[in-house]
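Since the structure comes first, as structure tokens, the remarks are kept for the end.
Scope of the values below: all heavy atoms of this structure, side chains included, with no hydrogens, waters or symmetry mates. Here is the naming used below: chain letters follow the sequence lines, and residue numbers restart at 1 for every chain.
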Protein chains: 2
Amino acid sequence: MSQPVDSGREQLARAARRHSTATVLYHHAVAERLGLGPSDHKCLDLLLQHGELTGSRLARMTGLTTGAVTGVVARLEAAGFLHRRPDPADGRRQLLRPVPERVEEVAAVFAEDGPDLDRLTAGMTREQVDAVLTFLSRATDELAACASRLRARALLVGAARASSRAPTHPERAEEDA
Amino acid sequence: MSQPVDSGREQLARAARRHSTATVLYHHAVAERLGLGPSDHKCLDLLLQHGELTGSRLARMTGLTTGAVTGVVARLEAAGFLHRRPDPADGRRQLLRPVPERVEEVAAVFAEDGPDLDRLTAGMTREQVDAVLTFLSRATDELAACASRLRARALLVGAARASSRAPTHPERAEEDA
DNA sequence: TCGATATCGCTTAGGAGATGAGCGAGTATA
DNA sequence: TATACTCGCTCATCTCCTAAGCGATATCGA
């Protein structure tokens with residue numbers, strides 16, 4: 001292996017890649033455990049992190065069409081994970097928020113069959129944990145930005161193919177995640 | 001907020017959760033960019049990390065049925081991402097391996113629209129980067145183990161429902177990922 | 001103030017992809 | 001050698017996503 005710096009970077013790239021794959025597989029397994037599809041779980045996750053969202057916002061964040069989101073919301077509501085109410089400020093909108101009791105069940109799955117954070121940081125100093133925290137936070141922002149870039153580019157290609165005529169499709173990806 | 005320790009743990013949990021969601025969304029966006037479905041991308045990822053796998057192993061690792069894997073392999077092969085050859089040691093098996101040239105295209109997508117690792121670790125000492133590396137590595141193992149546990153449990157439930165008669169379904173999840 | 005345009009969530013038709021079951025071929029075990 | 005298992009594949013079926021378009025509401029411009 002070349003210099004320690006390059007070796008370290010490659011090591012990190014590999015580790016991040018493997019971690020990424022493991023995360024995706026785990027996320028899918030959790031969804032199945034909850035009796036949800038991957039998209040449903042994704043949306044529920046976003047809902048838990050944001051507290052309250054509209055359907056269109058959810059569509060923009062996930063890259064799903066509004067039609068797909070309608071299905072997701074219907075399933076999540078039927079399963080009792082989600083409560084919806086009309087937006088008092090905008091008659092077109094629905095405000096979606098997770099249902100606390102059901103959310104606790106989700107949290108229970110994570111507690112029972114999720115990674116043990118204490119074990120992950122065992123033997124680390126506060127400074128080292130902070131470094132991990134910084135890395136995760138930066139990576140989250142980067143990933144969200146990259147995903148939005150990728151989706152925006154895909155839309156441009158799609159728009160070029162269909163030329164003008166904007167469909168129901170999300171007009172532009174959202175950097176927020 | 002309570003004690004700094006608890007606060008730190010919760011902070012880490014939240015960061016990990018957000019990072020996880022962002023990862024899943026990014027993974028999906030990359031798949032679309034490559035013209036692949038999420039499962040296809042997942043399998044390709046595993047193939048890239050392991051070099052060569054059999055179909056049944058892929059099914060066990062992803063939790064997909066063998067029927068689904070047949071479709072995944074057919075699509076990946078048609079798209080030129082994958083080469084397959086019969087296992088000389090076992091006439092039933094097919095050995096699947098990624099095609100180098102196409103893999104470079106995938107790598108190009110990551111390079112162009114992937115997170116910049118240097119920026120993520122900017123300002124960190126070697127020791128801090130090592131901490132991140134340790135965390136990622138441990139988390140990867142934990143996630144793989146948890147996913148396999150979840151899937152194994154789901155299979156038990158399924159087996160209890162269908163009682164005996166094992167289907168084509170993956171008999172047990174694999175810890176390896 | 002009022003018409004034009006956008007956005008919201010929903011619906012529908014159609015298709016892609018996953019499941020679940022079962023098959024023949026090949027391998028391991030008794 | 002006979003039996004049980006594993007491999008990858010096929011088929012019918014189902015679920016979920018896309019693409020397109022609709023009515024209702026909101027916003028902007030003249």
Side-chain angles (χ1 to χ4, degrees), chain A residues 28 31-32 35-43 53-60 62-79 82 84-96 151 154-155 158-159 161-172 174, chain B residues 28 31-32 35-43 53-60 62-79 82 84-96 151 154-155 158-159 161-172 174:
Chain A
H28 194 102
E32 275 183 359
L36 301 172
S39 291
D40 304 53
H41 186 206
K42 243 180 291 188
C43 289
L53 291 172
T54 64
S56 56
R57 190 104 188 284
L58 219 41
R60 256 173 274 140
T62 55
L64 293 171
T65 58
T66 62
V69 169
T70 296
V72 167
V73 169
R75 285 189 296 273
L76 286 179
E77 191 182 30
L82 171 154
R84 72 168 115 179
R85 65 186 178 96
D87 186 340
D90 189 333
R92 297 166 302 180
R93 286 191 183 133
Q94 303 259 11
L95 295 177
L96 312 169
R151 237 177 284 124
L155 283 177
R161 247 182 318 188
S163 203
S164 60
R165 285 303 291 164
T168 310
H169 222 77
E171 270 71 36
R172 57 171 177 251
E174 199 153 294
Chain B
H28 194 103
E32 275 183 358
L36 301 172
S39 291
D40 304 54
H41 186 206
K42 242 180 293 188
C43 289
L53 290 173
T54 65
S56 55
R57 189 106 188 283
L58 219 41
R60 256 173 273 141
T62 56
L64 293 171
T65 58
T66 61
V69 169
T70 296
V72 167
V73 169
R75 286 190 296 275
L76 286 178
E77 190 181 31
L82 171 154
R84 71 167 117 179
R85 66 186 176 96
D87 186 339
D90 188 333
R92 297 166 301 181
R93 285 193 183 132
Q94 302 259 11
L95 294 177
L96 313 169
R151 236 177 286 125
L155 283 178
R161 246 183 319 191
S163 203
S164 60
R165 285 306 291 163
T168 310
H169 221 76
E171 271 71 35
R172 56 172 177 250
E174 202 153 294

**OP:** For the helix from C:dT1-D:dA30 to C:dA30-D:dT1, measure the angle between the helix axis at one end and the axis at the other, each built from five pairs, rounding to 10°.
**Re:** 30°
Counting any heavy atom closer than 4.0 Å, what does [X] reach on the DNA or RNA strands: base, sugar-phosphate only, or nothing?
| X | result |
| --- | --- |
| B:G55 | sugar-phosphate |
| A:G71 | nothing |
| B:G37 | nothing |

Do any side-chain nitrogens or oxygens of [X] fall under 4.0 Å of OP1 or OP2 in [N]?
| X | N | answer |
| --- | --- | --- |
| B:R93 | C:dG26 | no |
| B:R84 | D:dC9 | yes |
| B:S56 | D:dC7 | yes |
| B:R75 | C:dA18 | yes |
| A:R92 | D:dC22 | no |
| A:R60 | C:dG9 | no |
| B:S39 | C:dA18 | yes |

Subject >> 5′-ward residue of the pair B:L95/A:P88 relative to DNA chain D >> reply: B:L95
Subject >> Given DNA chain D, 5'-ward residue of the pair A:L36 and A:A89, judged by closest heavy atom >> reply: A:L36
Original post:
B:G37 and B:A31: which non-hydrogen atoms are nearest, and at how many Å?
Top reply: O-CB, 3.9 Å
Where the side chain of [X] is concerned, which of [options] is the nearest nucleotide?
| X | options | result |
| --- | --- | --- |
| A:L64 | D:dC9, D:dT18, D:dA26 | D:dT18 |
| B:D90 | D:dT18, D:dG8, C:dT27 | C:dT27 |
| A:T65 | D:dT18, C:dT19, C:dG9 | D:dT18 |

Original post:
Starting at the 5' end of DNA chain C and moving along, which residue's nearest nucleotide shows up first, A:T70 or A:H28?
Top reply: A:T70
**OP:** Output yes when B:R84 and B:E77 qualify as a salt bridge under the 4.0 Å nitrogen-oxygen rule, no when they do not.
**Re:** yes
